[in-house]
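Being a predicted model, the structure only gives us computed values, none of them experimental. Positions are given from 1, in the same order as the sequence printed here. We use all heavy atoms of the structure for the numbers below, so side chains are in, but hydrogens, waters and symmetry mates are not. Remember, it's 1-based here, ligands and their atoms both numbered in the order they're listed.
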Amino acid sequence: MSTSRQALFNAARTAMENAHAPYSFFRVGAAVRGASGRVYAGTNVENASYPEGWCAETSAIAAMVTAGEKRIEEVCVLSTGEPPATPCGGCRQRLAEFAGPDTPVHIGGPKGIVKTWRMDELLPAAFALQDQDEEEL
Ligand code: THU
C-alpha cells in the first residue's frame with residue numbers, strides 16, 4: 001500500500017475504534033483525503049433517539065469542510081461488517097458533492113482494504129445542481 005493510502009486507512013481505523021454505536025454495535029470509520037493531501041476522519045455517532053444518529057462518512061465530510069477544504073481525492077470506509085459495508089445511499093450523495101466520478105472509494109475492515117470502487121460505480125447518474133431546470137420551478 002502507498003504511504004498516503006496507508007495514512008488514509010489508519011485514520012479510518014482509528015475513527016472506527018472511536019465509534020459511538022451502543023445501539024447497533026456496528027462500528028464504522030471513514031477517512032477522506034482532501035486536495036491539500038490532508039486526511040479527515042469521522043465515525044458513526046448514534047443516539048438514544050435512533051434517527052438522530054449519523055454515519056461515519058458524514059462525520060469525515062464535516063471535518064473536511066470545517067477545515068476549509070471542498071475537494072475529496074480518495075475515500076476509505078471501514079466497518080466491522082462481513083462483507084464490509086459500502087456507503088449508504090445518503091452518504092454516496094454526500095461524498096459525490098465533493099468527489100469526482102473517478103474518485104476511488106476503498107472499502108474494508110480493520111485488517112485491510114478488500115475492494116476499491118469508483119465513485120460513479122457507487123452512485124451512477126448522480127444528481128447534481130446543474131440538473132435543475134429553473135423554468136419549471
Ligand atoms: N453507518 C455508517 O456509518 N455509514 C454507512 O454508510 C452505513 C451505516 C452506520 C450508521 C449506524 O450507526 C450504523 O452504521 C448501523 O446502520
Side-chain angles (χ1 to χ4, degrees):
M1 222 186 325
S2 68
T3 314
S4 65
R5 188 163 302 174
Q6 186 70 55
L8 194 71
F9 173 83
N10 290 347
R13 189 172 54 188
T14 298
M16 188 182 72
E17 289 165 2
N18 291 336
H20 180 66
Y23 308 105
S24 73
F25 301 104
F26 191 70
R27 294 172 176 271
V28 186
V32 298
R33 186 161 52 77
S36 70
R38 285 183 62 187
V39 166
Y40 305 92
T43 194
N44 52 330
V45 183
E46 297 184 349
N47 192 277
S49 177
Y50 297 170
E52 300 305 330
W54 64 88
C55 291
E57 298 90 325
T58 301
S59 296
I61 291 166
M64 182 193 78
V65 175
T66 301
E69 293 214 48
K70 294 281 174 69
R71 186 81 204 153
I72 294 177
E73 301 286 356
E74 194 173 4
V75 183
C76 182
V77 180
L78 305 178
S79 69
T80 50
E82 189 54 49
T86 51
C88 77
C91 285
R92 292 178 196 206
Q93 182 68 31
R94 292 188 191 101
L95 288 166
E97 179 80 10
F98 303 103
D102 57 354
T103 301
V105 181
H106 310 295
I107 303 300
K111 290 186 181 152
I113 290 166
V114 300
K115 185 168 171 69
T116 298
W117 300 84
R118 280 169 53 108
M119 190 68 231
D120 63 359
E121 290 179 299
L122 292 176
L123 190 64
F127 171 80
L129 194 57
Q130 62 266 29
D131 291 342
Q132 286 182 338
D133 184 346
E134 285 185 28
E135 286 180 20
E136 289 183 12
L137 291 177

Gly53 backbone acceptor or donor facing Asn44 side chain under 3.5 Å: no
Whether Thr103 side chain and Glu73 backbone form a donor-acceptor pair below 3.5 Å: no
Cluster link Met64 to Val75, ILVMFWY, side chain under 4.5 Å: yes
Atom pairs and distances, ligand 1 N/O vs protein N/O under 3.5 Å:
from, atom 1, to, atom 2, distance (Å)
ligand 1, 3 (O), Ala56, N, 2.9
ligand 1, 4 (N), Glu57, OE1, 2.8
ligand 1, 6 (O), Glu57, OE1, 3.4
ligand 1, 6 (O), Glu57, OE2, 2.7
ligand 1, 6 (O), Cys88, N, 2.9
ligand 1, 12 (O), Asn44, ND2, 2.9
ligand 1, 12 (O), Glu46, OE2, 2.5

Side-chain donor-acceptor pairs under 3.5 Å in residues 90-100, sequence neighbours left out?
from, atom 1, to, atom 2, distance (Å)
Arg92, NE, Pro87, O, 2.6
Arg92, NH1, Leu122, O, 3.0
Arg92, NH2, Thr86, OG1, 2.9
Arg92, NH2, Pro87, O, 3.0
Gln93, NE2, Phe127, O, 3.3
Arg94, NH1, Thr58, OG1, 3.2

Joint hydrophobic cluster, Met16 plus Val28, side-chain heavy atoms closer than 4.5 Å: no
Arg33 side chain to Val39 backbone, donor-acceptor under 3.5 Å: no
